[in-house]
Amino acid sequence: ETGVTQTPRHLVMGMTNKKSLKCEQHLGHNAMYWYKQSAKKPLELMFVYSLEERVENNSVPSRFSPECPNSSHLFLHLHTLQPEDSALYLCASSQDILGGSSYNSPLHFGNGTRLTVT
Amino acid sequence: AQSVTQLDSQVPVFEEAPVELRCNYSSSVSVYLFWYVQYPNQGLQLLLKYLSGSTLVESINGFEAEFNKSQTSFHLRKPSVHISDTAEYFCAVSFSLYNFNKFYFGSGTKLNVKP
């Protein structure tokens with residue numbers, strides 16, 4: 001399997017539930033990203049992991065908790081969400097470091113998880 | 001600070017007509033430029049990119065974009081669109097921080113190709 005895979009594709013959860021989103025990349029990249037896409041708003045960067053270390057946390061509420069156990073996997077743990085958290089959550093990866101130096105490359109996105117909070 | 005502006009939220013066009021989707025950016029540092037396309041219920045797919053070299057870049061499906069540094073623009077064009085080009089298109093800029101690439105996206109332009 002190639003590319004970036006996200007599971008589940010759709011998730012409906014109540015405000016008191018705990019769930020996790022999973023992302024797996026098969027591209028050998030060393031950076032992984034979580035984005036939130038809401039209707040009529042630009043993509044919002046949530047978290048960035050580079051070489052398995054969190055390097056960006058964009059003022060995201062603590063009810064979202066990321067985890068990056070290795071360079072191929074990224075999770076987003078969800079708990080006590082609000083209805084306004086309903087959105088498409090996109091995972092992406094890229095090769096941001098090459099030969100020990102920064103390297104510019106495009107983002108490769110998964111198909112996203114459509115989250116609905118009831 | 002960096003920002004990306006896509007002035008047109010929706011562009012209706014008839015099949016086989018030309019189209020231009022506009023993108024302007026603002027940046028205090030040198031940036032790289034991208035266009036992404038998003039089809040319904042899918043993630044964003046890279047359409048084309050400008051990193052360096054020729055200011056005119058092309059995609060495999062007939063789109064092209066031209067980097068204009070003086071006008072800080074990166075407009076996307078196609079001389080003849082197909083029904084299958086109906087999608088949402090996002091312009092993005094990026095620059096390298098010391099350990100990752102920071103991306104800024106526009107708010108998107110929905111291209112609706114009519115028969």
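Worth knowing before you read on, the calculation uses all heavy atoms, side chains too, and leaves out hydrogens, waters and symmetry mates. Sequence lines set the chain letters: A, B, ... in the order given, protein chains first and strands last, and positions in each chain run from 1.
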A:Trp34 reachable from B:Tyr104 in the ILVMFWY side-chain graph, under 4.5 Å edges: no
Residue part contacting chain A, namely of B:Tyr32, when any heavy atom lies under 4.5 Å: side chain
Distance flag, aromatic centroids of A:Phe109 and B:Tyr36, threshold under 6.0 Å: yes
Winner by heavy-atom pair count (cut-off under 4.5 Å) against chain B, out of A:Val48, A:Leu90, A:Leu88, A:Leu45: A:Val48
Connected via hydrophobic side-chain network under 4.5 Å: A:Phe75 and A:Tyr33: no
B:Phe34 CZ to A:Ser105 OG distance, which is reported to the nearest 0.5 Å: 7.5 Å
Chain B contacts, top residue of A:Arg114, A:Gln37, A:His108, A:Gln6 (heavy-atom pairs, under 4.5 Å): A:Gln37
Any residue of residues 79-88 of chain B which, by heavy atoms, sits under 4.5 Å from chain A: none
Top of A:Gly112, A:Pro106, A:Pro42, A:Gly110 for chain B proximity - count of heavy-atom pairs under 4.5 angstrom: A:Pro106
Proximity of residues 39-58 of chain B to chain A, residues having a non-hydrogen atom under 4.5 angstrom: B:Asn41, B:Gln42, B:Gly43, B:Leu44, B:Leu46, B:Lys49, B:Leu51
Option among A:Asn30, A:Val55, A:Leu51 that satisfies the side chain to side chain contact (heavy atoms under 4.5 Å, CB included) test with B:Phe100: A:Val55
Side chain / backbone / both / neither for B:Phe90 at chain A, heavy atoms under 4.5 Å: side chain
Contacting region of A:Tyr49 [heavy-atom separation from chain B under 4.5 Å]: neither
A:Leu107 side chain reached by B:Phe103 side chain, heavy atoms, under 4.5 Å: yes
Heavy-atom side-chain contact between A:Leu43 and B:Gln38 under 4.5 Å: no
Contacting moiety of A:Arg9, where chain B heavy atoms sit under 4.5 Å: side chain
Cluster check B:Val11, B:Phe105: I/L/V/M/F/W/Y, side chain < 4.5 angstrom: yes
A:Glu44, part contacting chain B, at a heavy-atom distance under 4.5 Å: neither
